[in-house]
Asker: 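One structure follows; several queries about it will come next.
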Amino acid sequence: MGDDFDAIVVGAGMAGCAAAIRLAQGGANVLLLERGAEPGTKNLSGGVLWGHDLDRILPNWWERMPVERHLVRKRFGFLTADSAVSFDLEDAGWRSAPYVAHTVLRARTDAWLAHEAEAAGATVVSSVPVERLNWEGARVHGIVQGGETMTAPVTIVADGANSRLSLGTPIRPNARLAGEATELGMKEVYRLDPSVLEDRFGVGAGEGHAEEWVTGGFPPGVMGGGFLYTNRDTLSVGLILNLQSLFGRGVYSHDLLERFKLHPTIAGRLRGAELVEYGAKLISSGWASRPAAFHGDGWMIAGDAAGFVFSNGLTIQGMNYAVRTGLEAAETALAAKAAGAATAAQLAEYDRRLEAASVLPDFRDFARTDRVKWNPRFYSVYPAFAAELFRAMFQDGGAAKQPARRLLRKAQRAAGLSTGTLVRDGIDLVRDL
Ligand SMILES: Cc1cc2nc3c(=O)[nH]c(=O)nc-3n(C[C@H](O)[C@H](O)[C@H](O)COP(=O)(O)OP(=O)(O)OC[C@H]3O[C@@H](n4cnc5c(N)ncnc54)[C@H](O)[C@@H]3O)c2cc1C
């Protein structure tokens, strides 16, 4: 008897939707399964969608997709308990179509993408929490849900960071994510009148601002960064914390989020805004969080489920990689359909595509990023050092001016930072980031 479908995709996030759209466009009979009541309802993301991977399947998607604002300014900075040092990037090119990035809210974008998949001919079914992959020896032959098996020669696993379908299977032999490669993301959405929002952030209609902060001032040893993104009539505010750094310190993650929001710099941006949504989600990022393989007999793994989140402290990019890897998996599945074989040897095409599309190089070549990103000094000593240095440079207290090298030494002393450590961390930063 033949299979039920040419391909089954599990998870209607960015990776799964992109894969399903491409498969349907390529003439495949594809089933996209989502456990949420609607695609997008289970998804949470801080929300800057970088790049144009979607162009491959949906030309000018940003004109039709319910994006929030196109980004015109990106800010990066350090917070101490009571000060903030930041750098902005603004580029005139960011203000015009096709734009470099957009802020998005996933409940809207993912529902729209799933609808596009349906329009292209995919069968999309929500409220289906797939129980497991249907393993026949070393081969995956579809999925099992509610005691029933649905079969396809190829199954694309796109079920997100805490990938239940792959954990504890040959794809990811460990039954749990590795603590050291896992982050906790928390996000709140606040409603704010668009004209107040645009005044407050100095942006025009439709324009967006994004900021990411290395957050000092948390209890010693706790490492994390905050973000704030402008949407149409809301602000997305949140924290991404190193999970391991929370263990055994007697701190609650939501207290840290409160602390971030109460920082004078952040509190001013939230003034008068009303909380409308909140959530938390794990992030499995970087090379250390990769599965045992990206493909095998009858299966491929894409997006967060495969650990494809690039997060280096300056930026977090996962949605772009989710779309790109979903598309490469779909292209591989279409080639397998044409060849009439979905063996591991045939699906090895997926790895070759991930290489050519700069996905594997981006993660493999920056495998040591975490060593720099999770250097505890970036969350304690360096925010204090930066604040002290810029204070000394900008403030005038009536005393004689000092040369820059003296100010540097003074800031080092105030932050407890030796020259040797500064040089060593600087070398690591340049080499590994
Ligand atoms: C707080 C936070 C901020 C972030 N900020 C950014 C950012 O600014 N820019 C950026 O690019 N990335 C960001 N990311 C990362 C980004 O959200 C992810 O990389 C992206 O969502 C990955 O898409 P995905 O499709 O692989 O997985 P997901 O979006 O997680 O989608 C997986 C889907 O699978 C479904 N599913 C799971 N299990 C099953 C099952 N058993 N059966 C059926 N369906 C199932 C889920 O309901 C979900 O819809 C952020 C993440 C967080 C948590």
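This one's a predicted model, so the numbers in the text were calculated from it and none came from an experiment. Read the numbers this way: they start at 1 and go in the same order the structure lists the ligands and their atoms. The first residue of the sequence shown is numbered 1, and numbering continues consecutively from there.
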Asker: Below 3.5 Å, N or O to N or O, backbone or side chain included: is there any such pair between V48 and ligand 1?
Answerer: yes

Asker: Answer yes when E328 and R56 have at least one side-chain N-carboxylate O distance shorter than 4.0 Å, and no when they do not.
Answerer: yes

Asker: Do R324's NZ or CZ and the ring of Y321 fall within the cation-pi criteria of under 6.0 Å and 45°?
Answerer: yes

Asker: Could you tell me whether R69 and E198 have a side-chain N and a carboxylate O separated by less than 4.0 Å?
Answerer: yes

Asker: Quick test of your reading of the model: are D88 and K74 salt-bridged, counting only N-O distances below 4.0 Å?
Answerer: no

Asker: Under a 4.0 Å heavy-atom limit, does A322 contact ligand 1 with its side chain, its backbone, both, or neither?
Answerer: side chain

Asker: Report the relative orientation of the aromatic rings in F310 and F363; use parallel for angles under 30°, tilted for 30 to 60°, perpendicular for over 60°.
Answerer: perpendicular

Asker: May I ask you to check if ligand 1 and K187 share an N or O to N or O distance below 3.5 Å?
Answerer: no

Asker: Under 3.5 Å, N or O to N or O, is G318 touching ligand 1 that way?
Answerer: yes

Asker: Which pairs pass salt bridge (Lys or Arg N to Asp or Glu O under 4.0 Å) with one or both residues in residues 309-318, sequence neighbours excluded?
Answerer: none

Asker: Taking distance alone, with no angle check, do Q317 and ligand 1 share an N/O pair under 3.5 Å?
Answerer: no

Asker: Below the 3.5 angstrom mark, is there an N/O of R106, backbone or side chain, next to an N/O of ligand 1?
Answerer: yes

Asker: Between ligand 1 and L239, is the shortest N or O to N or O distance under 3.5 Å?
Answerer: no

Asker: Taking R73 first and then E211, would you say they form a salt bridge - that is, a charged N and a carboxylate O separated by under 4.0 Å?
Answerer: no

Asker: Using a heavy-atom cut-off of under 4.0 Å, does the side chain or the backbone of V130 touch ligand 1, or both, or neither?
Answerer: both

Asker: Relative to ligand 1, is I283 under 4.0 angstrom through side chain, backbone, both or neither, heavy atoms considered?
Answerer: side chain

Asker: Please classify the V10 to ligand 1 contact at 4.0 Å (heavy-atom distances, strictly less than): side chain, backbone, both or neither.
Answerer: side chain

Asker: How far apart are the closest heavy atoms of G307 and S289, and which atoms are they?
Answerer: CA-OG, 3.5 Å

Asker: Assign the ring pair W61 / H52 to parallel, tilted or perpendicular, where the plane angle (0 to 90°) is split at 30° and 60°.
Answerer: tilted

Asker: Just going by heavy-atom distances, which of R35, Q145, M14 is nearest to atom 39 (C) of ligand 1?
Answerer: R35

Asker: So for R164, does at least one of its heavy atoms come nearer than 4.0 angstrom to any atom of ligand 1?
Answerer: no

Asker: Determine, using heavy atoms of Y229 and all atoms of ligand 1, whether some pair is separated by less than 4.0 Å.
Answerer: yes

Asker: Where on Y321 is there a heavy atom closer than 4.0 Å to ligand 1, on the side chain, on the backbone, on both, or on neither?
Answerer: neither

Asker: Would you please determine whether A158 falls within less than 4.0 Å of ligand 1 on a heavy-atom basis?
Answerer: yes

Asker: Does any N/O atom on I316 come nearer than 3.5 Å to any N/O atom on ligand 1?
Answerer: yes

Asker: Return each pair, listed once, that meets ring-ring contact (aromatic ring centres under 6.0 Å, His included) where at least one residue sits in residues 169-206; pairs must be two or more places apart or across chains.
Answerer: F201-H209

Asker: Can you find an N or O of M319 that's nearer than 3.5 Å to an N or O of ligand 1?
Answerer: yes

Asker: Taking both backbone and side-chain atoms of K281, is any N or O found less than 3.5 Å from an N or O belonging to ligand 1?
Answerer: yes

Asker: Assess whether a salt bridge exists between E355 and R352, defined as any Lys/Arg side-chain N lying under 4.0 Å from an Asp/Glu carboxylate O.
Answerer: no

Asker: V128: heavy atom below 4.0 Å from ligand 1, yes or no?
Answerer: yes

